[in-house]
Amino acid sequence: MPFYLNIIIENKEEVLHKQVDSALGGLDTGLFKGLGGNIANKLVSDDDFADGIADILAVYLPEMLVESGITLRLEKRYAIGSLVVLLVIVDDADVKKMAKLAEAEGHSWSANCMDGCADLARKIGCNRALSASAASIVESSLQTRIQQILATGYFQERGVKAKTQILQEKDQASFFFNALAKMKVQGSGRLLREASDTTHKQRVCCFDSCF
């Protein structure tokens, strides 16, 4: 169940200014105020900045999600200008551990749903239903968790303003090419209406009479 994490960075210049100010420890004042940040912005291109964000998140997110019962990898697929695209691949997920964490954080409905779907599928002996229902629950919970970690953790701590969009493969292409068009990347086409995000209901059980 791989999916794409798209990040559009909105304030690279501001972030670099703050990092330089912090490094200089208040020495960047008077006639030289802002000079360090301006130099940093000239030396660090948008592409280099995006590439750095991608490399950091590829390590940061898996580490932050271990306690949630999720083992995953992030593959950098694109990091140019203000756009970062990461492919999220889940290697393992402990549904019971995820349910306990959801309960501890006050999301009792999510916890009950995780436990209920797994137990029901296990009781009726439907391995396909167990696998599919668990995967669906894990994916939904994981996507929410990633959004929370980025918004209240990494981005907030570093003053990064960014928009995130998590998409399935069927919707990624239209979003990606429209993002390139908005950024006016050389060779990109015109903006088109993005693919519908309507979810298509699929049978997840190996028995015709259930689910």
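For the single chain, residues carry numbers from 1 onward in sequence order.
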Counting distance only, does the side-chain N/O of Asn178 pair as donor-acceptor with the main-chain N or O of Leu192 below 3.5 Å?
-> yes

For Asp91 and Ile70, indicate whether the former's side chain and the latter's backbone hold a donor-acceptor pair under 3.5 Å.
-> no

The side chain to side chain donor-acceptor pair (under 3.5 Å) partners of Asp92 (sequence neighbours excluded) come to none

In this structure, CD1 of Ile80 is separated from CG of Asp47 (nearest 0.5 Å) by 4.0 Å

Would Met183 and Ser82 satisfy side-chain contact (heavy atoms from CB on, under 4.5 Å), going step by step from the backbone distance to the final call?
-> CA-CA 8 Å; Met183 291 163 55; Ser82 60; 4.1 Å; yes

Can you find a pair of side-chain heavy atoms, one from Ile7 and one from Lys163, that are under 4.5 Å apart?
-> no

Supply the atom-to-atom distance Leu65 CG to Leu142 CG, rounded to the nearest 0.5 angstrom.
-> 6.0 Å

Below 4.5 Å, heavy atoms only, C-beta onward: do Ile89 and Leu72 meet side chain to side chain?
-> no

Does some side-chain heavy atom of Val160 sit less than 4.5 Å from a side-chain heavy atom of Asn11?
-> yes

Report yes or no: does Thr152 contribute a side-chain atom to a donor-acceptor pair with the main-chain N or O of Gln148 at less than 3.5 Å?
-> yes

Exercise answer: donor-acceptor pairs, residues 49-62 side-chain atoms, under 3.5 Å, sequence neighbours excluded:
{"from": "Asp51", "atom 1": "OD1", "to": "Lys76", "atom 2": "NZ", "distance (Å)": "2.6"}
{"from": "Asp55", "atom 1": "OD1", "to": "Lys76", "atom 2": "NZ", "distance (Å)": "3.0"}
{"from": "Tyr60", "atom 1": "OH", "to": "Tyr154", "atom 2": "N", "distance (Å)": "3.3"}

Go through the structure and list residues passing side chain to side chain contact (heavy atoms under 4.5 Å, CB included) with Gln147, not counting sequence neighbours.
-> Thr164, Ile166

Could you check if a side-chain atom of Val84 sits within less than 4.5 angstrom of a side-chain atom of Ile9, using non-hydrogen atoms only?
-> yes

Between Asn6 (side chain) and Gln165 (backbone), is there a donor-acceptor pair under 3.5 Å?
-> yes

Sequence neighbours excluded, which residues qualify as ring pair (Phe, Tyr, Trp, His ring centres under 6.0 Å) partners of Tyr78?
-> Phe176

Who pairs with Phe155 by ring pair (Phe, Tyr, Trp, His ring centres under 6.0 Å), at least two apart in sequence or on another chain?
-> none

Indicate if Phe175 and Val185 have the same hydrophobic cluster label, given that clusters are the connected sets of ILVMFWY residues with side-chain heavy-atom separations under 4.5 angstrom.
-> yes

If we only count heavy atoms from C-beta on, is the Glu14 to Lys161 side-chain gap below 4.5 Å?
-> yes

Glu169: side chain to side chain contact (heavy atoms under 4.5 Å, CB included) partners, not counting sequence neighbours | Tyr4

In Å, rounded to the nearest 0.5 Å, how long is the span from CG of Asp171 to CZ of Phe3?
-> 13.5 Å

State the CZ-CG distance between Arg73 and Leu87, to the nearest 0.5 angstrom.
-> 8.5 Å

Considering only heavy atoms from C-beta outward, does the side chain of Leu5 approach that of Val85 to under 4.5 Å?
-> no

